[in-house]
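Heavy atoms only: backbone and side chains are in, while hydrogens, waters and symmetry mates are out.
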Amino acid sequence: WWSCDSGGLLMGRPALEDRDVGYEEFTRSIEAIADSLGVLVGIRGEQGEDLVTYATVNEFGSARIRERSFLRSTVSKNQDTYSRGLSQAIGRYIDDGRDAAIASLKLLGVRAVGDVQTTITELRTPENKESTIRRKGSSNPLIDTSRMRQSIDSVVVSGADDGVVG
């Protein structure tokens, strides 16, 4: 940094000034977007209490049934993909507005539904007991009638609207 003093050039240190030129406001806006929209994937209560109970017991296990996680394991397996999808949705919000972000989140939800359904189809452990296999006629631990697999759904939710938006 050079400055001119009494006709001569002097070498000096620049004075540093930390000025926020909108970064803090931008960061708050991004956080508000991330807090206001999201995607829920799973089985809705209106699918029937029996199905929700069945899915919950398989997801977390019980005293008699071993855990067969299909939701948490899918999210864990695809965490990077879902994080990128959420980042893209935030980018769409910034570039094109809320409706574009909602559309992006809907697509992410469809992707996640497919991933969960694939997990349900491909899960093989822990295996069913022989008596269960005989009763069902199948060894797939999470598929009996396919009702649970077909009931996996997604919705876009908004904290700002306090409910489902798509």
Side-chain angles (χ1 to χ4, degrees), residues 26-27 29-166:
F26 178 75
T27 301
S29 296
I30 296 300
E31 288 171 353
I33 293 167
D35 289 344
S36 73
L37 292 174
V39 180
L40 298 178
V41 177
I43 297 174
R44 296 188 204 196
E46 60 257 18
Q47 296 290 337
E49 189 176 322
D50 62 324
L51 183 59
V52 172
T53 300
Y54 176 81
T56 302
V57 168
N58 275 286
E59 179 68 26
F60 297 101
S62 71
R64 294 183 47 229
I65 297 173
R66 293 178 286 177
E67 176 183 309
R68 293 179 173 97
S69 174
F70 56 94
L71 288 171
R72 292 173 297 141
S73 63
T74 300
V75 170
S76 179
K77 178 181 176 185
N78 296 289
Q79 184 173 358
D80 291 341
T81 299
Y82 300 153
S83 291
R84 280 192 304 275
L86 291 171
S87 294
Q88 288 171 353
I90 290 172
R92 295 281 314 271
Y93 193 106
I94 293 166
D95 294 341
D96 302 315
R98 180 181 166 93
D99 289 343
I102 290 170
S104 186
L105 290 172
K106 283 181 181 181
L107 290 175
L108 181 60
V110 169
R111 164 80 189 254
V113 165
D115 292 340
V116 171
Q117 290 172 330
T118 297
T119 299
I120 290 170
T121 301
E122 295 178 351
L123 188 129
R124 295 291 181 253
T125 57
E127 296 175 354
N128 282 326
K129 294 179 181 178
E130 280 301 317
S131 59
T132 304
I133 294 171
R134 279 193 304 275
R135 181 186 55 77
K136 287 175 31 173
S138 165
S139 62
N140 188 310
L142 291 178
I143 296 182
D144 187 359
T145 65
S146 294
R147 181 175 167 223
M148 183 176 78
R149 183 182 184 283
Q150 293 167 354
S151 296
I152 302 297
D153 195 8
S154 67
V155 294
V156 176
V157 294
S158 170
D161 296 335
D162 204 25
V164 175
V165 294

(message) Tell me if the CG atom of Asp99 is crowded by more than 12 foreign heavy atoms within 6.0 Å.
(response) no
(request) Kindly indicate whether the side chain of Tyr93, heavy atoms from C-beta on, has any atom under 4.5 Å from the side chain of Ile102. (result) no
(request) Measure across Leu37 and Ala101 and return the closest heavy-atom pair with its distance rounded to 0.1 Å. (result) CD1-CB, 4.1 Å
(request) Drop me the distance from Ile152's CD1 to Arg44's CZ, to the nearest 0.5 angstrom. (result) 11.5 Å
(message) Does this structure show an ion pair linking Arg111 with Asp115, if we count only N-O contacts that are shorter than 4.0 Å?
(response) yes
(request) For the pair Ser76 (side chain) and Arg72 (backbone), establish whether a donor and an acceptor sit closer than 3.5 Å, ignoring hydrogens and angles. (result) no
(message) Please identify which of these residues, Val39, Thr74, Val41, meets the side chain to side chain contact (heavy atoms under 4.5 Å, CB included) condition with Tyr82.
(response) Thr74
(message) With rounding to the nearest 0.5 angstrom, report the OG to CD distance, Ser73 to Glu67.
(response) 8.5 Å
(message) As an exercise, state the distance from CG of Leu51 to CD1 of Ile43, rounded to the nearest 0.5 Å.
(response) 4.0 Å
(message) In the structure I gave you, are the side-chain heavy atoms of Arg92 and Leu105 within less than 4.5 Å of one another anywhere?
(response) no
(request) For Ser62 and Ile65, indicate whether the former's side chain and the latter's backbone hold a donor-acceptor pair under 3.5 Å. (result) yes
(request) Could you tell me whether Glu59 and Arg68 have a side-chain N and a carboxylate O separated by less than 4.0 Å? (result) no
(request) Hey, could you give me the CZ/OG1 distance between Phe70 and Thr119, rounded to the nearest 0.5 Å? (result) 9.5 Å
(message) Just to verify, what does Asp50 make a salt bridge (charged side-chain N to carboxylate O under 4.0 Å, His left out) with, not counting sequence neighbours?
(response) Arg147
(request) Begin from the C-alpha positions of Val155 and Lys106 and carry the test side chain to side chain contact (heavy atoms under 4.5 Å, CB included) through to its verdict. (result) CA-CA 7 Å; Val155 294; Lys106 283 181 181 181; over 6 Å; no
(message) Between Ser104 (side chain only) and Ala100 (backbone N and O only), is there a donor and an acceptor less than 3.5 Å apart?
(response) no
